[in-house]
Amino acid sequence: MQNESKKSWGRGVIDRYRSHLPVSETTPIVTLGEGSTPLVLAPRLSDRIECRVLIKCEGLNPTGSFKDRGMTVAVSKALERGATALICASTGNTSASAAAYAARAGIRCAVILPAGKIASGKMVQAIAHGAQIVSIKGNFDDALRIVREFGDQDEFAIVNSINPDRIAGQKTAAFETIDELGDAPNIHILPLGNAGNLTAYAAGYSEYKKLGKSGGLPRMIGIQAEHAAPIFHRRVIEKPETIASAIRIGNPASWELAQRAIDESGGAVEIVTDREILEAQSWLAQTEGIFVEPASAAPIAGLFKFAREKRRDLIPKDATVVCTCTGHGLKDPEIVSAKFSETAPVAPNIQAVREAITRS
Ligand code: F0G
């Protein structure tokens, strides 16, 4: 079995980008074959924005979100340090990923979640992987505060993005983007929640540039939901609210790092409404065939807003724009199924079915 794990199947980001990551020959690698996600050209979106827009489909990671890139590094390092349990606060995706990687590593995992605010697909994942689930009467920011206190006691390894191993792993998405495009894009746009992912992309782009693997650095643009937009408004939001539950965060942990990366790149933070998010989600699914969760549709809504407002200062015509769609649409099925009401069943023959199709 030992030799089996040395073969190249199921290669994850540590195997592919080892020299860029804080691992050694003796680090026990916990991987589910994460990374290598498709960078897909979105032709209709490109037409609408008058740019070349590519979507980095992070929903195709093993647990359906970008979190797996960081989790493989964080859990491998935690094992190396002798941890026997993981803990995280989460709006859902981190807990799904932590639960899966803990199962793979054979250690316990406790997830602290805001009660009633986790999309059902993510909750199902935590249950399926056997995590210990604690719901609190509070929001994500409260959950993260509690988790930080646990960290002081050395009992659990924290696998939120305040753990630098998570950020290190997430840098690999920027490496993949450059490896595939042959250079950095002009613009990188993504949703902004706890702000770890934007920080990680910026670090990855800058690392590759220093190595001469790209000519420039992309402008980093983060999109927040209107009522959960602390970075946009430059103040803590005590009671953040948005349908995009993944980014329902009022006091992001990597706020300063992300702000610096945005400023240094000549980028921006923009807000979009819940309605714009849902419209963008539906447009992307029905026009490009890419189904993402609401938070992941925020940058698409942002692009539409920039196009509407003719913000050519920010998104010049014909620029190469990479948009990270962070999580799969199936994570949050209720958002979409709520729009659908099943009609009464028809007789089991072709005429009845044809009539029903024509009617709908
Ligand atoms: N998109 C999705 C689907 C997410 O799950 C998150 C964060 C983000 C975007 C924002 O990324 O926090 O690095 O700025 N989800 C975390 C979680 C907070 O607990 O799953 P960020």
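The first residue in the sequence is number 1, and the count goes up from there. All ligand and atom numbering here is 1-based and tracks the order in the structure.
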Hey, is Leu198 touching ligand 1 through its side chain, its backbone, both or neither, going by heavy atoms under 4.0 Å? neither
What protein heavy atom sits nearest atom 12 (O) of ligand 1, and how far off is it? Asn194 N, 2.7 Å
How far is atom 2 (C) of ligand 1 from its nearest protein heavy atom, and which residue and atom is that? Thr326 OG1, 3.3 Å
Is ligand 1 under 4.0 Å from a heavy atom in the side chain of Ile247, in the backbone, in both, or in neither? side chain
Is the shortest N/O to N/O distance between Ile249 and ligand 1 below 3.5 Å? no
Between the side chains of Glu226 and Thr273, is a donor N or O closer than 3.5 angstrom to an acceptor N or O? no
Tell me, please: is Pro191 in heavy-atom contact with ligand 1, that is, under 4.0 Å? yes
Can you tell me if Ala195 has a non-hydrogen atom under 4.0 Å from ligand 1? yes
When you look for heavy atoms under 4.0 Å from ligand 1, do you find them on the side chain of Ser90, its backbone, both, or neither? both
Using distance alone, with no hydrogens and no angle criterion, decide if Thr27 and Glu80 have a side-chain donor and acceptor under 3.5 Å apart. yes
Using a strict cut-off of 4.0 Å, indicate which atoms of ligand 1 neighbour a heavy atom of Gly196. 13 (O), 14 (O), 21 (P)
Between Phe150 and Glu155, is any pair of side-chain heavy atoms under 4.5 Å apart? yes
Residue and atom name of the nearest protein heavy atom (relative to atom 4 (C) of ligand 1), distance in Å to one decimal: Ala246 CB, 3.5 Å
Single hit among Lys77, Arg81, Lys171 for salt bridge (charged side-chain N to carboxylate O under 4.0 Å, His left out) with Asp165: Arg81
Any idea which atoms of ligand 1 are less than 4.0 Å away from a heavy-atom of Gly193? 10 (C), 12 (O), 14 (O), 21 (P)
Ile55 versus Thr324: any side-chain heavy-atom pair under 4.5 Å? no
Please report whether ligand 1 has a polar contact with Phe66, defined as an N or O pair separated by less than 3.5 Å (distance criterion only). no
Are Tyr208 and His20 close enough that their ring centres sit under 6.0 Å apart? yes
Between Lys67 and ligand 1, which part of the residue brings a heavy atom under 4.0 Å of the ligand: side chain, backbone, both or neither? side chain
Between the side chain of Asn139 and the main-chain N/O of Asp142, is any donor-acceptor distance below 3.5 Å? yes
Can you check whether Lys122 has an N/O within less than 3.5 Å of an N/O in ligand 1? no
N or O contact, Ser95 vs ligand 1, cut-off under 3.5 Å: no
Taking atom types as modelled, find out whether Lys67 and Gln170 have a side-chain donor-acceptor pair closer than 3.5 angstrom. no
Considering heavy atoms of the protein only, find what lies nearest to atom 18 (C) of ligand 1 and give residue, atom and distance to 0.1 Å. Thr91 OG1, 3.5 Å
Just to be sure I'm reading this right: ignoring hydrogens, which of Leu190, Leu144, Asn93, Thr94 gets closest to atom 3 (C) of ligand 1? Compare them by their nearest heavy atoms. Asn93
Across all chains, not counting sequence neighbours, the side-chain contact (heavy atoms from CB on, under 4.5 Å) partners of Ala195 are Leu192, Ile231, Pro252, Ser254, Ala258
Does Thr94 offer a backbone N or O that forms a donor-acceptor pair with the side chain of Ser97 under 3.5 Å? no
With sequence neighbours excluded, what pairs up with Arg260 under the side-chain contact (heavy atoms from CB on, under 4.5 Å) test? Leu257, Glu264
Is Gln170 close to ligand 1, meaning an N/O of one under 3.5 Å from an N/O of the other? no
Residue, atom and distance of the protein heavy atom nearest atom 13 (O) of ligand 1 read Asn197 N, 2.8 Å
Does one side chain, of Ser120 or Glu334, offer a donor that lies under 3.5 Å from an acceptor on the other? yes
